[in-house]
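Data first, discussion second: the structure below is written as structure tokens.
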Protein chains: 4
Amino acid sequence: MLLQIDFKSGKPVYLQLVDQIRYAAASGGLRTGEPLPSIRPLAEELRVNRNTVAKAYAELENQGVIETIPGKGCFLKESNSPFTKSARAKILTKEIDEAVVAAHHLQVDRDAFLALVKERLDSFERKVKEKSDND
Amino acid sequence: MLLQIDFKSGKPVYLQLVDQIRYAAASGGLRTGEPLPSIRPLAEELRVNRNTVAKAYAELENQGVIETIPGKGCFLKESNSPFTKSARAKILTKEIDEAVVAAHHLQVDRDAFLALVKERLDSFERKVKEKSDND
Amino acid sequence: MLLQIDFKSGKPVYLQLVDQIRYAAASGGLRTGEPLPSIRPLAEELRVNRNTVAKAYAELENQGVIETIPGKGCFLKESNSPFTKSARAKILTKEIDEAVVAAHHLQVDRDAFLALVKERLDSFERKVKEKSDND
Amino acid sequence: MLLQIDFKSGKPVYLQLVDQIRYAAASGGLRTGEPLPSIRPLAEELRVNRNTVAKAYAELENQGVIETIPGKGCFLKESNSPFTKSARAKILTKEIDEAVVAAHHLQVDRDAFLALVKERLDSFERKVKEKSDND
DNA sequence: GTGGTCTAGACCACA
DNA sequence: GTGGTCTAGACCACG
């Protein structure tokens with residue numbers, strides 16, 4: 001699982017983590033019982049305060065998505081509500097629509113937009129690969 | 001134009017307004033030169049403070065989306081981004097990256113993602129066209 | 001950096017701050033990467049509300065002069081205007097026009113005005129150079 | 001006397017008028033006893049509300065710069081404090097310095113800046129000439 | 001400690 | 001009526 005933070009989005013960092021982990025959990029990117037990255041290394045990797053990661057995990061526990069076993073770590077609980085395909089599409093549609101609108105205002109045409117999307121996909125896939133190579 | 005605030009999303013209220021108005025402007029729900037709702041009545045309707053709406057409008061103004069004339073109101077501007085190409089690419093990259101990350105966690109693969117992007121682009125362009133056909 | 005507010009000038013306080021800080025930044029009184037005074041202490045020192053200083057800093061940020069990192073502070077950015085050539089010309093034209101109008105009413109003729117402009121340019125360039133020589 | 005308003009400077013329109021007229025009065029652009037333009041035509045010419053011009057004149061009367069004779073118009077009072085040459089230079093220096101700083105931030109170099117200054121001077125002189133031709 | 005958001009309410013400038 | 005500025009003070013996110 002690759003987590004990515006945008007410090008300037010206005011959205012609190014801990015909520016970005018919560019959303020990303022919740023999405024992964026509800027879509028099979030994380031399996032039941034699988035351990036989440038532990039707080040300290042993750043905080044270091046993301047260049048974020050440990051408290052911020054801890055807060056995200058606390059929130060996730062509160063939502064019943066994960067379970068914290070003191071001294072052992074955090075684990076994904078039985079996935080109680082996996083997203084349906086349409087639910088996933090809905091979330092994603094919202095994100096994509098925002099990018100489409102931004103492109104329109106910035107007067108970026110369809111081709112340039114699609115090219116940029118592909119470029120970002122490639123860049124992201126490279127990052128995922130690097131990470132899995134390191135693990 | 002229908003504006004709706006979600007007070008629990010964690011996203012600042014003024015940014016929710018900015019996004020929704022930008023969407024309306026880009027998709028033709030609002031025409032060039034047309035006045036936006038005045039700050040005070042809108043604030044009342046949304047049960048939000050006047051300053052919060054004012055902040056959203058100020059943000060839209062310096063994104064070059066609207067023009068505000070003190071004493072008269074706020075109006076949709078001819079779209080014409082004042083930013084350099086690289087500044088625009090930076091903004092757009094941020095938007096796209098958010099969608100890419102969401103797709104990754106939702107386990108939506110590259111092809112499905114690209115298909116959805118194209119579908120949203122088409123849908124958006126259709127919407128713009130419909131509105132302009134009504135002229 | 002010395003900041004001074006004139007409450008009777010009719011010019012909004014936050015704009016006075018913006019101008020003075022821009023001046024300090026441009027003339028080398030503030031170096032790239034250097035932190036600006038924090039909002040709260042500065043507000044107290046100037047006997048102005050915290051929000052007023054925050055508004056000035058926000059304005060500076062979207063002019064691309066400073067960068068603010070929530071939780072850490074505000075820092076002077078590498079100067080690099082994000083505006084298109086025409087947008088920049090527009091801003092500058094406004095500034096110049098104000099000076100031209102003042103010269104007209106002060107009965108300062110074209111040659112004297114141009115001489116003064118050159119003198120101020122030289123003076124400014126000297127100041128910038130001195131500061132950089134101190135490195 | 002050519003008056004010029006900038007609606008987006010943040011400075012109240014009536015104060016822009018006050019300053020310009022005061023400068024002209026103190027520098028010989030207006031002579032003692034000379035009538036000022038009457039309110040209605042001036043408001044029309046500047047595309048400003050009559051109240052705004054009236055307020056400027058009221059302020060000037062308050063400052064003792066002009067005298068209003070009901071039914072006849074407004075006249076410049078005996079100029080009690082003409083600006084010295086250095087006083088004029090000081091006011092003008094402030095205006096010019098702001099333009100110089102703006103040029104620096106906008107990365108406009110010396111030559112381009114001087115060219116723009118000359119261009120604006122020419123444009124302004126044309127305007128003055130047109131106006132005097134019409135009178 | 002930092003900056004960010006929001007509220008409530010005042011006064012000003014302008015049409 | 002419009003938007004703009006400013007204050008005072010609360011709470012949040014983050015380090």
Side-chain angles (χ1 to χ4, degrees), chain A residues 5 7-17 43 46-56 59, chain B residues 5 7 10-17 35-44 46-59 61 66-75, chain C residues 5 7 10-17 35-44 46-59 61 66-75, chain D residues 5 7-17 43 46-56 59:
Chain A
I5 300 301
F7 292 100
K8 320 217 81 176
S9 73
K11 194 172 176 180
V13 172
Y14 87 98
L15 280 181
Q16 294 182 39
L17 287 175
L46 299 175
R47 304 187 169 209
V48 146
N49 193 288
R50 288 203 287 259
N51 296 333
T52 305
V53 178
K55 185 162 189 176
E59 176 67 20
Chain B
I5 301 299
F7 290 100
K11 192 171 178 180
V13 172
Y14 85 97
L15 284 181
Q16 294 182 39
L17 285 176
L36 278 76
S38 323
I39 292 183
R40 269 174 265 222
L42 181 57
E44 212 169 304
L46 300 174
R47 310 202 156 209
V48 143
N49 190 277
R50 177 161 103 74
N51 294 337
T52 303
V53 177
K55 188 166 187 180
Y57 279 20
E59 175 68 19
E61 177 158 37
I66 70 174
E67 180 173 21
T68 116
I69 303 179
K72 296 198 69 179
C74 302
F75 305 86
Chain C
I5 301 300
F7 290 100
K11 192 171 176 179
V13 172
Y14 85 97
L15 284 181
Q16 295 183 40
L17 285 176
L36 278 78
S38 325
I39 292 183
R40 267 174 268 221
L42 180 57
E44 213 169 304
L46 300 174
R47 309 198 158 212
V48 144
N49 190 277
R50 177 159 105 72
N51 293 337
T52 303
V53 177
K55 188 167 186 179
Y57 279 20
E59 175 67 20
E61 177 158 35
I66 69 174
E67 180 172 23
T68 116
I69 303 179
K72 295 197 73 178
C74 302
F75 304 86
Chain D
I5 300 301
F7 292 99
K8 318 219 80 175
S9 74
K11 194 172 177 178
V13 172
Y14 88 99
L15 279 181
Q16 294 183 39
L17 288 176
L46 298 175
R47 305 189 168 205
V48 146
N49 194 288
R50 288 204 287 260
N51 296 333
T52 305
V53 178
K55 185 161 189 179
E59 175 67 20

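We name chains A, B, ... by the order of the sequence lines, and we start the count at 1 in each one. Predicted model, so just to flag it, every value in this text is computed and none were measured.
Within 4.0 Å (heavy atoms only), P35(C) reaches no atom of the nucleic acid at all.
Counting only heavy atoms from C-beta on, P12(A) has its side chain closest to dA13(F) among dT2(E), dC6(E), dA13(F). Side-chain atoms of C74(B) lie closest to dG3(F) of the nucleotides dG9(E), dG3(F), dA8(F).
Between the CD1 atom of I39(B) and the P atom of dC12(E) there is a distance of 19 Å, rounded to whole Å. Atom CD of E67(C) and atom P of dT2(E) are 18 Å apart (whole Å). Residue N49(D) contributes atom CG, which lies 15 Å from atom C1' of dC12(E) at whole-angstrom precision. Going from atom OH of Y14(B) over to atom P of dG4(E) covers 9 Å, rounded to whole Å. Put simply, CZ on R50(B) is 12 Å from C1' on dG1(F), counting in whole angstrom units.
Counting non-hydrogen atoms of neighbouring residues, nucleotides and ligands closer than 6.0 angstrom, the CD atom of E61(B) exceeds 12 such neighbours.
T68(C) has a side-chain polar atom (N or O) that falls below the 4.0 Å cut-off from OP1 or OP2 of dG4(E). Contact annotation: K55(B) side-chain N/O to dT5(E) OP1/OP2 distance is under 4.0 Å. The side chain of T52(A) places no N or O atom within less than 4.0 Å of a non-bridging phosphate oxygen (OP1 or OP2) of dC14(F). Using a 4.0 Å cut-off, no side-chain N or O of S38(C) falls inside it from OP1 or OP2 of dG1(E).
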